[in-house]
Number of protein chains: 2
Amino acid sequence: MATIYDVSQLAGVSLATVSRVMNKSDSVSDKTRKKVLEAMDKLGYRPNTFAQSLASNCSNSIGVLVSQLDGPYYGPMMAEIEESLRLDNKHVIIAVGHSNAEQEIDSVEFLLGRGVDALILDVEAVSDEYLIALSKGPTPIVLINRYIEPIKERCIYLENELGGYLATRHLLELGHRDIAYISGPAKKHDAQERLVGHQRALTEYGARFDPSLCVAGDYKEDSGVACMEQLLHSGKPFTAVVCANDQMASGAISACLERGMKIPQEMSFVGYDNIPFARYAVPKLTTINNPIHEMGKMAALWLLKHLYKKNVQVDSVFEPQLVVRSSAIQKV
Amino acid sequence: MATIYDVSQLAGVSLATVSRVMNKSDSVSDKTRKKVLEAMDKLGYRPNTFAQSLASNCSNSIGVLVSQLDGPYYGPMMAEIEESLRLDNKHVIIAVGHSNAEQEIDSVEFLLGRGVDALILDVEAVSDEYLIALSKGPTPIVLINRYIEPIKERCIYLENELGGYLATRHLLELGHRDIAYISGPAKKHDAQERLVGHQRALTEYGARFDPSLCVAGDYKEDSGVACMEQLLHSGKPFTAVVCANDQMASGAISACLERGMKIPQEMSFVGYDNIPFARYAVPKLTTINNPIHEMGKMAALWLLKHLYKKNVQVDSVFEPQLVVRSSAIQKV
DNA sequence: CTGTTAGCGCGTTCAA
DNA sequence: TTGAACGCGCTAACAG
């Protein structure tokens with residue numbers, strides 16, 4: 001592997017000059033620049049990034065910590081982050097937190113130990129205080145899917161409450177009044193917010209929130225099945241269900257179908273997230289669009305702007321939107 | 001940020017000794033080790049990985065190149081790779097190839113330039129020759145989802161042909177004889193192999209392969225819809241369809257449902273991959289299990305074994321298995 | 001078992 | 001505009 005020294009020899013210049021042409025410093029004459037470039041080319045020279053990082057104290061790498069890598073949710077986000085960063089020759093190092101505070105902290109430490117220039121975090125178990133403290137450290141952080149007032153300028157998030165509101169309002173406008181709710185885990189912020197939105201819509205339309213028609217799952221399909229069974233067994237009458245994400249909606253619908261119920265004729269459903277599956281489900285799922293890939297992109301752009309001083313536009317607040325398909329219909 | 005020097009001073013030992021305790025070299029007395037550990041602790045010392053990499057010429061990082069990050073396919077694979085490697089304190093740098101030769105090569109160069117210790121590649125556009133040449137370079141590579149004879153010891157793959165065979169045989173055993181096939185892109189190796197398996201089953205059961213009942217999609221849902229429309233419009237009679245992956249099966253089924261057909265009563269379907277969606281589809285999808293996450297894990301273990309000399313067991317060939325659900329039934 | 005010393009490859013003053 | 005020299009933090013002989 002050729003080094004900067006080899007290049008300098010071949011080009012007949014000093015190390016410093018080679019370094020200058022690499023770093024696009026303009027105080028190099030065109031003639032020498034050309035000589036150096038040719039020498040690099042001839043040697044197939046590739047700078048050693050570790051030496052660069054060691055000397056410059058900048059790694060051009062970003063640590064990305066997500067809750068999970070499988071599932072329909074994080075793939076699109078990671079894809080956008082990778083792409084946006086890659087365009088600027090930065091690379092991403094991934095770590096997984098598994099929605100567990102200990103693992104999240106461990107992963108942050110791991111990435112920090114790896115010398116990343118910044119952190120993009122989609123974490124849910126760790127406390128606000130921890131993140132606030134972290135944000136005061138030397139390594140910049142950006143938060144996706146989380147709003148923390150004191151560091152709101154580093155938060156990229158969806159207005160989850162509004163989404164919950166829109167989902168339920170849609171059903172109310174279709175004439176439903178007895179609406180069940182399958183929530184996400186009570187500890188998760190987004191789950192709480194979505195539920196609050198649901199309740200607001202109910203109140204606004206003069207329907208009352210019945211706690212016995214609200215059960216919590218874990219955002220996965222299986223829990224959608226279980227929650228639906230529970231609701232059905234409760235004996236309480238209801239004609240529609242709002243699910244805090246599409247995966248649980250999928251499970252819930254499949255539980256109904258399993259019993260021979262007709263969907264949406266006998267039960268209306270609204271999901272949340274608009275994962276690809278929603279378009280091909282049967283019936284096609286009415287849901288709330290969650291522009292998770294956009295948020296990933298914005299997190300990357302935020303860093304490009306604030307850390308690497310690129311001139312880009314970044315949005316940080318995203319509005320959920322209702323996507324009407326065919327899983328929810330007028331109450332009969 | 002404390003350095004190894006600070007630690008050595010505080011502990012009253014030399015740099016080398018500190019380095020030894022970090023690298024778990026056993027030739028350090030318990031007493032000094034303890035002193036050093038305490039000093040590290042007190043200083044909140046964290047080794048600088050760039051300096052380590054520069055000095056040791058080993059980065060403890062693995063480059064992972066996949067075709068895409070979104071979609072149901074690569075998430076589980078990445079998750080296993082990350083987890084397995086992380087247990088040994090290695091980290092993962094990701095890049096995306098978009099099934100495009102130029103981008104794949106570009107990504108390989110990018111990762112190599114990043115000084116990764118090895119490469120895990122799930123690539124499809126690049127030629128066998130390129131990969132063979134790459135494998136002769138200084139950076140070890142492991143291939144997922146691809147079999148190349150001259151470097152087969154670095155290949156982790158699924159017996160795709162067998163899967164195609166099993167899918168079609170299942171339908172043949174259910175009495176179907178006119179079986180359509182929705183294939184993946186003709187250039188992709190796995191798509192070719194799956195199709196060959198389909199044809200072998202047909203031949204074995206004395207059914208003939210009708211090219212006009214075989215159309216190719218791009219592995220995405222939408223193309224499943226389009227292919228199904230095309231088959232239906234062809235006028236040729238058929239009672240079952242094998243799809244080269246679950247996503248296209250999902251699209252194909254939704255196209256039938258859209259026309260008011262009853263599935264599986266009027267048309268049987270078998271998919272391929274067994275993505276999570278398959279379990280919650282309506283009807284539940286009969287498919288071929290593709291242990292993609294296992295393959296990811298094995299790729300990681302392969303490196304742990306051959307590169308980092310860990311003592312682990314690795315399997316490299318995976319057998320697909322039929323998963324019977326309810327999208328394919330006896331021919332009436 | 002421990003310390004000394006010489007790099008690893010590059011960025012960055014400071015002079016010239 | 002260019003070059004010499006030092007230092008980034010750590011590993012790996014080699015010596016003792």
Side-chain angles (χ1 to χ4, degrees), chain A residues 1-40 43-61 89 112-117 138-139 308, chain B residues 1-40 43-61 89 91 112-117 138-139 308-309:
Chain A
M1 198 76 261
T3 75
I4 194 175
Y5 177 79
D6 302 324
V7 176
S8 74
Q9 292 299 299
L10 210 171
V13 298
S14 74
L15 295 175
T17 302
V18 178
S19 176
R20 286 192 189 96
V21 347
M22 282 201 291
N23 298 295
K24 322 245 181 269
S25 157
D26 31 36
S27 50
V28 178
S29 74
D30 283 354
K31 206 166 22 170
T32 31
R33 181 192 309 283
K34 187 157 169 257
K35 275 195 303 188
V36 172
L37 258 14
E38 283 173 359
M40 285 181 168
L43 292 172
Y45 171 71
R46 214 186 260 156
N48 179 315
T49 54
F50 303 119
Q52 286 180 317
S53 297
L54 183 58
S56 69
N57 200 30
C58 164
S59 68
N60 283 313
S61 72
N89 233 353
L112 252 21
R114 241 56 206 188
V116 296
D117 290 343
T139 309
Y308 300 113
Chain B
M1 196 77 261
T3 75
I4 194 174
Y5 177 79
D6 302 324
V7 176
S8 74
Q9 292 299 300
L10 209 171
V13 298
S14 74
L15 294 176
T17 301
V18 178
S19 175
R20 285 192 189 97
V21 346
M22 281 200 291
N23 298 295
K24 319 243 182 273
S25 156
D26 31 37
S27 52
V28 178
S29 76
D30 283 354
K31 205 164 23 170
T32 33
R33 181 191 310 283
K34 189 160 167 255
K35 274 195 304 190
V36 172
L37 258 14
E38 283 173 359
M40 285 180 168
L43 293 172
Y45 171 71
R46 214 186 261 159
N48 179 315
T49 55
F50 305 119
Q52 287 179 317
S53 298
L54 183 58
S56 68
N57 199 30
C58 165
S59 67
N60 284 313
S61 73
N89 237 338
H91 69 269
L112 252 21
R114 239 58 206 186
V116 297
D117 290 343
T139 308
Y308 299 114
K309 309 303 178 193

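Keep in mind that the numbers below use all heavy atoms, side chains included, and drop hydrogens, waters and symmetry copies. It should be emphasised that the depicted structure is a prediction, and the values quoted were computed from it without experimental measurement. Below, chain A is the first sequence line, B the second, and so on; all start at residue 1.
- B/L112 CG to B/T139 OG1: the interatomic distance, rounded to the nearest 0.5 Å, is 4.5 Å.
- Using a 4.0 Å heavy-atom distance criterion, A/N23 is classed as a sugar-phosphate-only contact.
- Applying the side chain to side chain donor-acceptor pair (under 3.5 Å) criterion to A/S14, with sequence neighbours excluded, gives A/T17.
- Taking atom CZ on A/R20 and atom C1' on D/dT1, their separation rounds to 8 Å, with Å as the unit.
- Using a 4.0 Å heavy-atom cutoff across all strands shown, A/S53 reaches no nucleic acid atom at all.
- One can place CG of A/N57 at 10 Å from P of C/dT12, the figure rounded to the nearest angstrom.
- Residues passing the side-chain contact (heavy atoms from CB on, under 4.5 Å) test with A/S19, sequence neighbours excluded: A/I4, A/N23.
- The distance from the CG atom of B/L15 to the CD atom of B/Q9 is 8.0 Å, given to the nearest 0.5 Å.
- Nucleic acid contact class of B/V13 (heavy atoms, under 4.0 Å, all strands): sugar-phosphate only.
- Distance, B/Q9 CD to D/dC10 P: 13 Å, rounded to whole Å.
- Listed candidates were D/dT11, C/dT2, C/dT4. Nearest to the side chain of B/A16 is C/dT4.
- Every residue two or more places apart in sequence or in another chain that forms a side-chain contact (heavy atoms from CB on, under 4.5 Å) with B/T32 is listed here: B/V13, B/V28, B/S29, B/K35.
- The side chain of B/S14 contributes no N or O atom lying less than 4.0 Å from OP1 or OP2 of C/dT4.
- With contacts defined as side-chain heavy-atom distances shorter than 4.5 Å, the pair A/V36/A/V7 qualifies.
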Close N/O contacts between protein and nucleotides 7-9 of chain C (under 3.5 Å):
| from | atom 1 | to | atom 2 | distance (Å) |
| --- | --- | --- | --- | --- |
| C/dC8 | O2 | B/A55 | N | 3.4 |

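- Between the CG atom of B/L15 and the C1' atom of D/dA13 there is a distance of 15 Å, given to the nearest Å.
- The side-chain contact (heavy atoms from CB on, under 4.5 Å) search around A/S59 returns A/S53, A/S61, A/D117, B/F50, not counting sequence neighbours.
- Rounded to a whole Å, the CZ atom of A/R114 is 14 Å from the P atom of D/dC10.
- C/dT5 atom C1' lies 15 Å from atom OH of B/Y5, rounded to whole Å.
- Applying the salt bridge (Lys or Arg N to Asp or Glu O under 4.0 Å) definition to pairs two or more places apart or across chains, those involving residues 45-54 of chain A are A/R46-B/E109.
- An angle of 30°, rounded to 10°, separates the two end axes of the helix from C/dC1-D/dG16 to C/dA16-D/dT1, each defined over five pairs.
- By the side-chain contact (heavy atoms from CB on, under 4.5 Å) test, A/L10 is found to be paired with A/A39, A/K42, A/L43, residues two or more places apart in sequence or in another chain being considered.
- Residue A/S19 places at least one side-chain N or O closer than 4.0 Å to OP1 or OP2 of C/dG11.
- The CG atom of B/D6 sits 16 Å away from the P atom of D/dG7 (whole-angstrom rounding).
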